[in-house]
Every structure is written in C-alpha cells, then in structure tokens.
Amino acid sequence: MNIALWVVAVVLALAFLAAGAMKLSRPKAALAESGLGWVEDFSAGAVKGIGTVEVLGALGLVLPAVTGIAPVLVPLAATGLALTMVGAAVVHARRGETPMIAVNVVLLLLAAFVAWGRFGSYAF
C-alpha cells in the first residue's frame, strides 16, 4: 500500500505541477486561446493564484515525505488538492464543460486516496 500511495502521490504531483506551472507562466489570454475557457470567468490574478495553489500542493505531496520535514503536510496537501478539484468541478459544471468534470473527479479521488492513506494507517 505504501508503494501505491507513493506512485499516486508522484503522479498527482507531476500533473498538478504541470498544470500550475502552465497557469503561472502563460498569460490569461493565451490560456483561453489554448482551450481553457474557464479563465474568462476569473481575473488574471485569480488564475495565477490557482496556479500557485496547484504548484504548492504538488510540492507538498512529495517534498515533506522525501525530506522528512513535517511529513504531516503530505495528507494536508492531498486534502487541499481534493478541495481544489471540487471547486474546479463546480466551475466546469456551471460552464457546461461536462467532460472536464470527469478529469476533476479522477484527480479528486486520487488525492482523496493519498489523504486517506497518509492520515491513516500508512502515515509517515
């Protein structure tokens, strides 16, 4: 189970790191043109804030466990990312972007799995 939790945490970290870095490095207009229409509902600062949350969450899934410094942050980061996906699903539902909700649900379930495992019997 520990190996499964590590694999899921690393996969989630890579996904959220990539998504967050994209939001931080590209202007809002470029994100909208690339198919992320939801950015039109948010200010540029809010989009950068979401990117920051995703990058910090990704780092929080792995770094505390690897360094041994405050490993309790791993399940907290996973919980935070799961809540982020709840918010993302709500935004996509409001916009009628049904296929994106499936992606949000998968990421939410994976983050919830890491939170459950690292808060529970498989904590560090």
Side-chain angles (χ1 to χ4, degrees):
M1 183 62 80
N2 190 44
I3 292 171
L5 287 165
W6 267 108
V7 168
V8 171
V10 168
V11 168
L12 275 175
L14 292 173
F16 279 106
L17 188 62
M22 179 180 63
K23 290 176 187 83
L24 288 172
S25 66
R26 298 179 71 190
K28 180 180 163 180
L31 292 171
E33 289 173 12
S34 70
L36 299 179
W38 62 267
V39 298
E40 297 166 0
D41 295 347
F42 295 89
S43 69
V47 173
K48 298 295 183 201
I50 292 167
T52 301
V53 165
E54 290 176 344
V55 168
L56 292 175
L59 296 175
L61 286 173
V62 177
L63 287 182
V66 169
T67 63
I69 300 170
V72 71
L73 293 177
V74 173
L76 293 175
T79 302
L81 289 172
L83 292 173
T84 302
M85 288 300 96
V86 169
V90 168
V91 168
H92 290 303
R94 271 196 237 152
R95 292 181 52 87
E97 300 169 344
T98 313
M100 291 307 298
I101 297 172
V103 174
N104 298 140
V105 169
V106 168
L107 292 171
L108 175 127
L109 291 174
L110 291 174
F113 171 70
V114 173
W116 165 81
R118 294 306 184 200
F119 271 131
S121 314
Y122 304 99
F124 295 107

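Keep in mind that what you see is a predicted model, and the values were worked out from it rather than measured. For reference, positions follow the sequence shown, starting with 1.
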Identify all side-chain donor-acceptor contacts of residues 86-93 below 3.5 Å with residues at least two apart in sequence or on another chain.
from	atom 1	to	atom 2	distance (Å)
His92	ND1	Glu97	OE1	2.5

Considering residues at least two apart in sequence or located in another chain, which fulfil the side-chain contact (heavy atoms from CB on, under 4.5 Å) criterion with Ala9? Val114

Other ILVMFWY residues reachable from Val53 by side-chain steps of under 4.5 Å: none

Are the side chains of Leu12 and Leu107 in contact, using a 4.5 Å heavy-atom criterion? yes

Using the salt bridge (charged side-chain N to carboxylate O under 4.0 Å, His left out) rule, collect all pairs that involve residues 108-124, keeping only residues at least two apart or in two chains. none

May I ask whether Val10 and Met1 are part of the same hydrophobic cluster, defined by side-chain heavy atoms of I, L, V, M, F, W, Y residues being less than 4.5 angstrom apart, directly or through others? yes

Holding to side-chain contact (heavy atoms from CB on, under 4.5 Å), I want the full list of residues that pass it with Ala29, two or more places apart in sequence or in another chain. none

Just wondering, do Thr52 and Val55 contact through their side chains at under 4.5 Å, heavy atoms? no

Membership question, hydrophobic clusters at under 4.5 Å side-chain separation (ILVMFWY): are Met85 and Leu14 in the same one? yes

Kindly compute the distance separating OG (Ser121) from CG (Leu5), expressed to the nearest 0.5 Å. 10.0 Å

Between Ala77 and Gly57, what is the shortest heavy-atom contact and its length? CB-O, 3.8 Å

Who passes side-chain contact (heavy atoms from CB on, under 4.5 Å) against Thr79, sequence neighbours left out? Leu83, Ala115, Phe119

Leu17-Leu56 co-clustered via ILVMFWY side chain contacts under 4.5 Å: no

Taking all non-hydrogen atoms of both residues into account, name the closest pair between Ala13 and Ala58 and its distance. O-CB, 3.3 Å

Expected list for residues 63-72: side-chain donor-acceptor pairs under 3.5 angstrom, two or more places apart:
from	atom 1	to	atom 2	distance (Å)
Thr67	OG1	Leu63	O	2.8
Thr67	OG1	Ile69	N	3.2

What about Val106 and Val11, same hydrophobic cluster or not, with Ile/Leu/Val/Met/Phe/Trp/Tyr joined at side-chain heavy-atom distances under 4.5 Å? no

Give the cluster check for Leu73 versus Leu59: same hydrophobic cluster or not, with ILVMFWY residues linked at side-chain heavy-atom distances below 4.5 Å. no

Which pairs, with at least one residue in residues 2-25 and sequence neighbours excluded, count as a ring pair (Phe, Tyr, Trp, His ring centres under 6.0 Å)? Trp6-Phe124

Side-chain donor-acceptor pairs under 3.5 Å in residues 41-50, sequence neighbours left out?
from	atom 1	to	atom 2	distance (Å)
Asp41	OD1	Arg95	NH1	3.2
Asp41	OD2	Arg95	NH1	3.2
Ser43	OG	Ala46	N	3.1
Lys48	NZ	Lys23	O	3.0
Lys48	NZ	Leu24	O	3.2
Lys48	NZ	Arg26	O	2.8

